[in-house]
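In what follows, every heavy atom counts, from backbone to side chain, and hydrogens, waters and symmetry copies are set aside.
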Amino acid sequence: MAKQNLKNIPQGNKISEQETNATKYIKFYEFLLFDPTYRELSEKAKLLYSYLRSKIPYFEFQTKANEQGIEGTKSYRDEEGFIYCIADNAELEYLLKASEPTVIRAKKDLEAFGLLLQDPVKNKTNRLYVLQPAEVANAWTHIDEIKKYRAEKEKANLEKRKQQKEKQHKAAEQPASSSNTGDLKNFSHGDLKNFSHGDLKNLSKIQSKHLKSNLSSKIQLNLSIYKEEIHNSKLPDSIKLALNDKKIDRLIYHNISVSDLFTNYELHKNSVNPGQYISALDFALAIKDKIKDFAKVMNQNINNQIKFANSTQNGAVNTGRKEMLPDFYLAQKEAAASEEEPTKADQQELSADDLTFLADLYKEGNPIEPGLLEQLVKSGYLKESDL
């Protein structure tokens with residue numbers, strides 16, 4: 001090369017420590033993959049062998065440096081002149097991301113296949129001698145074996161597809177067990193929103209068990225879709241946890257989507273806390289007839305929650321009897337109640353719903369009459385940790 005052309009050669013780049021680390025590697029020996037004998041080793045044992053064998057040059061370098069009198073080095077040559085490795089179980093557990101029994105088993109596997117020799121040293125880590133394989137096949141047959149395995153796999157897949165087609169063909173030939181079976185195909189995702197868990201009881205009128213099973217599965221799928229949408233929504237975690245199967249079932253019944261719910265919560269989140277919002281939602285979902293205007297119903301319920309919260313700021317809520325409950329609470333409860341007339345005993349005593357409502361109020365920070373507070377604890381609606 002002419003001397004003047006050397007000036008045109010660009011200068012290379014300096015090698016950083018990161019680049020050095022990125023180019024380091026451990027040699028993995030092919031006989032561990034392809035030799036008929038050694039390919040039977042476990043994957044952990046194969047990786048361990050490659051790692052230990054890669055360490056030999058390091059221990060050899062340390063030994064030669066020590067023999068040359070370099071300080072801070074140590075000899076790893078035994079009495080017979082062979083180089084050994086040192087690696088305790090903790091190091092190997094970290095390397096293999098395995099437990100100590102797994103590491104011990106991998107070393108024993110290597111010993112069984114004649115690839116490792118352990119020399120115990122009292123009160124010290126065992127000396128590890130990585131060994132050359134004693135017998136390696138002259139010619140590996142892995143290419144033919146892979147071709148054979150591929151053909152067997154393809155044959156098995158063909159047989160599987162054939163059985164699936166036969167099964168589908170038989171299913172298509174079977175006559176419908178009921179004229180209602182055809183109706184099942186007409187159910188869309190939207191139609192299923194009109195079904196609640198309670199509606200499933202009415203399916204007993206359908207003669208085909210096959211139809212009932214399929215329809216129930218679709219409704220359960222719809223419930224699962226709601227759960228997934230709630231989980232992925234930006235609703236507060238406390239509201240997500242409060243939306244159990246029963247509440248989701250009522251959302252489906254009233255045709256209230258998760259998007260509708262989130263939009264409504266965003267509208268009121270600065271006026272009430274999540275607990276108050278859930279309480280207002282409970283009143284809405286308990287309404288017997290399907291809600292025509294969800295936003296309007298929730299707006300009324302939210303206002304009632306705010307009024308009640310304001311009324312309790314100036315003193316404890318005296319709720320020893322039903323007559324002492326807030327008017328809006330009683331009005332909402334009547335709207336959500338069934339057609340059955342309450343008994344005289346119901347009018348005199350607080351129901352489970354009343355106690356639940358009052359317990360929620362207390363948990364939200366509202367003061368409660370001491371006598372009623374004791375009743376809530378004894379009845380199990382409040383725990384001592386809530387006080």
What are the two closest non-hydrogen atoms of [X] and [Y], and how far apart are they?
X: Ala284; Y: Val297; value: CB-CG1, 3.8 Å
X: Ser257; Y: Tyr226; value: CA-OH, 4.0 Å
X: Asn264; Y: Ala295; value: ND2-CA, 3.9 Å
X: Ala87; Y: Lys55; value: CB-CE, 4.5 Å
X: Ile248; Y: Leu243; value: CD1-O, 3.6 Å
X: Asp245; Y: Lys227; value: OD1-CE, 2.7 Å

Roughly how far, to the nearest 0.5 Å, is [atom2] of [Y] from [atom1] of [X]?
X: Ser50; Y: Leu48; atom1: OG; atom2: CG; value: 9.0 Å
X: Ile230; Y: Ile225; atom1: CD1; atom2: CD1; value: 12.0 Å
X: Tyr84; Y: Leu117; atom1: OH; atom2: CG; value: 13.5 Å
X: Tyr253; Y: Ile287; atom1: OH; atom2: CD1; value: 10.5 Å
X: Thr263; Y: His268; atom1: OG1; atom2: NE2; value: 11.0 Å
X: Leu251; Y: Leu281; atom1: CG; atom2: CG; value: 6.0 Å

Going by atom type alone, with no hydrogens or angles, which donor-acceptor pairs under 3.5 Å involve a side-chain atom of residues 124-136 and a protein atom two or more places apart or on another chain?
unit_1 : atom_1 : unit_2 : atom_2 : d
Asn126 : ND2    : Gln118 : OE1    : 3.4
Tyr129 : OH     : Asp78  : OD2    : 2.7
Gln132 : OE1    : Arg53  : NH2    : 3.2

Is the side chain of [X] donor-acceptor paired with the backbone N or O of [Y] at a distance under 3.5 Å, no angle test?
X: Arg77; Y: Phe82; result: no
X: Lys234; Y: Phe262; result: no
X: Lys44; Y: Ala106; result: no
X: Lys46; Y: Arg39; result: yes
X: Gln276; Y: Asn273; result: yes

Give every donor-acceptor pair under 3.5 Å between a side-chain atom in residues 137-155 and any protein atom, sequence neighbours left out.
unit_1 : atom_1 : unit_2 : atom_2 : d
Trp140 : NE1    : Asp35  : OD1    : 3.2
Thr141 : OG1    : Glu145 : OE2    : 2.9

For Thr73, check side chain to side chain contact (heavy atoms under 4.5 Å, CB included) against everything at least two apart and list the hits. Gln62, Ala65, Asn66, Ile70
Find out whether Lys162 and Leu158 are in side-chain contact, i.e. whether some heavy atom of one side chain is under 4.5 Å from a heavy atom of the other. no
Quick test of your reading of the model: are Lys64 and Glu67 salt-bridged, counting only N-O distances below 4.0 Å? no
Verify the neighbour count for atom [atom1] of [X]: are there more than 12 heavy atoms of other residues, nucleotides or ligands below 6.0 Å?
X: Ile15; atom1: CD1; answer: no
X: Glu159; atom1: CD; answer: yes
X: Asn244; atom1: CG; answer: yes
X: Glu228; atom1: CD; answer: no

Check the orientation of Tyr38 and Phe113. Use parallel for under 30°, tilted for 30 to 60°, and perpendicular for over 60°. tilted
